[in-house]
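What follows is a short report on a single structure.
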Amino acid sequence: MTMLLLSPQPTTAFSAAASSLSRLLLPLPRHNFVVPPVSSLAIAAVSTATGDPIYAVDSRPSAINSRPDLALRLLALMRRQGLLPDQQNYTLVLQSLLHSPDPPDPSLLSLLSSDLRSVRLEPDARLLSDLIVAFSRAADPDAALSVLAQTQAQGITPKFSAAVELISALGNSGRVDEAEAIFAELRHWGLQPRTRAYNALLKGYVKTGALKDAEQVLDEMEHCSVAPDERTYSLLIDAYTNAGRWESARILIKEMEMNDVRPNSYVFSRILASFRDKGEWQRSFAVLREMRNNGIHPDRHFYNVMIDAFGKYNCLHHAMDAFDQMRADGIVPDVVTWNTLIDAHSKAGRHDQAMKLFEEMEMSGLAPCTTTFNIVINSLGEQERWEEMKELFQRMREKGLLPNVGKFDDAAPLYTGGRRSFISVMQTTHF
DNA sequence: TTAGGGTTAG
């Protein structure tokens, strides 16, 4: 039998997880101690017998992947039936969180792990490793470290992938010393770090701007005969560019070629963004040239950065040229492309053009997102077109999008004499 | 499989 139980509304979005969770965390019923742990499959029979209004669906892991709401509902349902979840149930929930495109919610994870403690279930290697990965991805390395400590206290070696995720998370929060310590620990577990583990460590050094340490990682990789891949080089190129060492970056690009590692559009968009942030938008052309010399076609992200780089420095003509070139290359502009263009024109005071682009965007069939609305509403505010602003707020509301009220409140005094008008728009728009 | 990176407002 492969059935998963759902309450009605099986398509409810992730927000449903929150309400499931409150039920999930209700104290266990008193009779619980006589109920043995059961697997999720067994729940189907029990719940069906109780006549709960449930739907039975395919519960192969593929059906639950990326559906933490479903997994949490399952746990909640079990709790309602007074059943003790087992390892598999928690693994199912964690797997669904890990397969979801969004990083796991840290508060959800800590509730889940305290729930795990409350049922006095001793987690196995799989569950512990999944917890380390989940906390690492939720940018909570402290929690991940404490699970690692628990793992080692139980005499269990965590999965290598979990350790690498933790190194990555530590590096991301600038805690390179601890990342280094875990990296050293890998060898004690009798496993040789390979490219991916090195890259995780490298990321930390790049993040903190520790260029010397980053270079040393590359040296050590060579010493241990571990081949750098495209990401290894990209990380270092990114670091060099940020440090203004464009020549070093170019040397690395050449080195990539010699080692048959192909650079891609990603690393060039990072270089471009770095120049943009330094105010060196003119170098965009050189970056494009360098790219073409390497036989790499700019992709949508690259064009978006390029349009932004021109837009930020008032070069609307170049921005529009890049936009045209992008479409000539057969790349369909996305919502970010349009937002960037609209904002660039609005910031330059060319509101008519901004509005025209907004119309064009909608005509192309793309739906405006929260950022689009914010950009256009700001532009309307600059023009003191309060009625149209109100219409846009209404449209946002209809789409279930929430404006960033605090931001507009701050911005309101900027609209000459417009604060009162702005507030009246906000007050007469009911979200 | 020892991850998996980039862009837009404020």
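Here is the naming used below: chain letters follow the sequence lines, and residue numbers restart at 1 for every chain.
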Of the candidate nucleotides [options], which contains the atom at the shortest distance from the side chain of [X]?
X         : options                 : result
Asn199(A) : dA9(B), dT2(B), dA3(B)  : dA3(B)
His301(A) : dG5(B), dA3(B), dG6(B)  : dG6(B)
Asn264(A) : dT7(B), dG5(B), dA3(B)  : dG5(B)
Asn378(A) : dT8(B), dG10(B), dA3(B) : dG10(B)
Lys203(A) : dG6(B), dA9(B), dA3(B)  : dA3(B)
Ala197(A) : dA9(B), dT2(B), dA3(B)  : dT2(B)
Asp334(A) : dT8(B), dG6(B), dT7(B)  : dT7(B)
Val305(A) : dG6(B), dA3(B), dT7(B)  : dT7(B)

Looking at Arg276(A), I'd like to know whether one of its side-chain N or O atoms comes within less than 4.0 Å of OP1 or OP2 on dT8(B).
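Affirmative; the distance criterion is met.
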Tell me whether the side-chain N/O atoms of Lys347(A) come closer than 4.0 Å to OP1 or OP2 in dG10(B).
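Answer is yes, contact under 4.0 Å.
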Taking dT2(B) as the reference, what is the distance to dG6(B) when you measure between their P atoms (whole Å, please)?
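Looking at atom P only, dG6(B) and dT2(B) are 23 Å apart.
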For dG5(B) versus dT1(B), give the span between their P atoms, rounded off to a whole number of Å.
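The same atom, P, in both gives a distance of 15 Å.
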Identify whether any heavy atom of Arg270(A) sits under 4.0 Å from a base atom; if not, whether one sits that close to sugar-phosphate; answer base, sugar-phosphate or nothing.
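Counting heavy atoms under 4.0 Å across all strands, the contact made by Arg270(A) is with sugar-phosphate only.
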Would you classify Asp238(A) as touching base, sugar-phosphate or nothing, given that sugar-phosphate means primed atoms plus P, OP1 and OP2, and contacts are heavy atoms under 4.0 Å?
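Result for Asp238(A) = nothing.
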What's the shortest heavy-atom distance between Ala239(A) and Leu211(A), and which atoms?
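It is CB-CD2, 3.8 Å.
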Identify whether NZ of Lys or CZ of Arg in Arg283(A) sits under 6.0 Å from the centre of the six-membered ring of Phe275(A) and within 45° of that ring's axis.
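Geometry flag: set, cation within 6.0 Å and 45°.
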Pull out every residue in residues 140-176 of chain A that has a heavy atom closer than 4.0 Å to any atom of DNA chain B, ordered by number, or say none.
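Under 4.0 Å from DNA chain B: Phe160(A), Ser161(A), Val164(A), Glu165(A).
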Among residues at least two apart in sequence or on other chains, which ones pass salt bridge (Lys or Arg N to Asp or Glu O under 4.0 Å) with Arg350(A)?
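Applying salt bridge (Lys or Arg N to Asp or Glu O under 4.0 Å) to Arg350(A) gives none.
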Is it the case that dG6(B) (base atoms only) and Asp299(A) (side chain only) share a donor and an acceptor within less than 3.5 Å, ignoring hydrogens and angles?
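Yes, the side chain and the base share a sub-3.5 Å donor-acceptor pair.
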Ser274(A) side-chain N/O to Arg270(A) backbone N/O, donor-acceptor pair under 3.5 Å
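Pair absent, no side-chain N/O of Ser274(A) close to backbone of Arg270(A).
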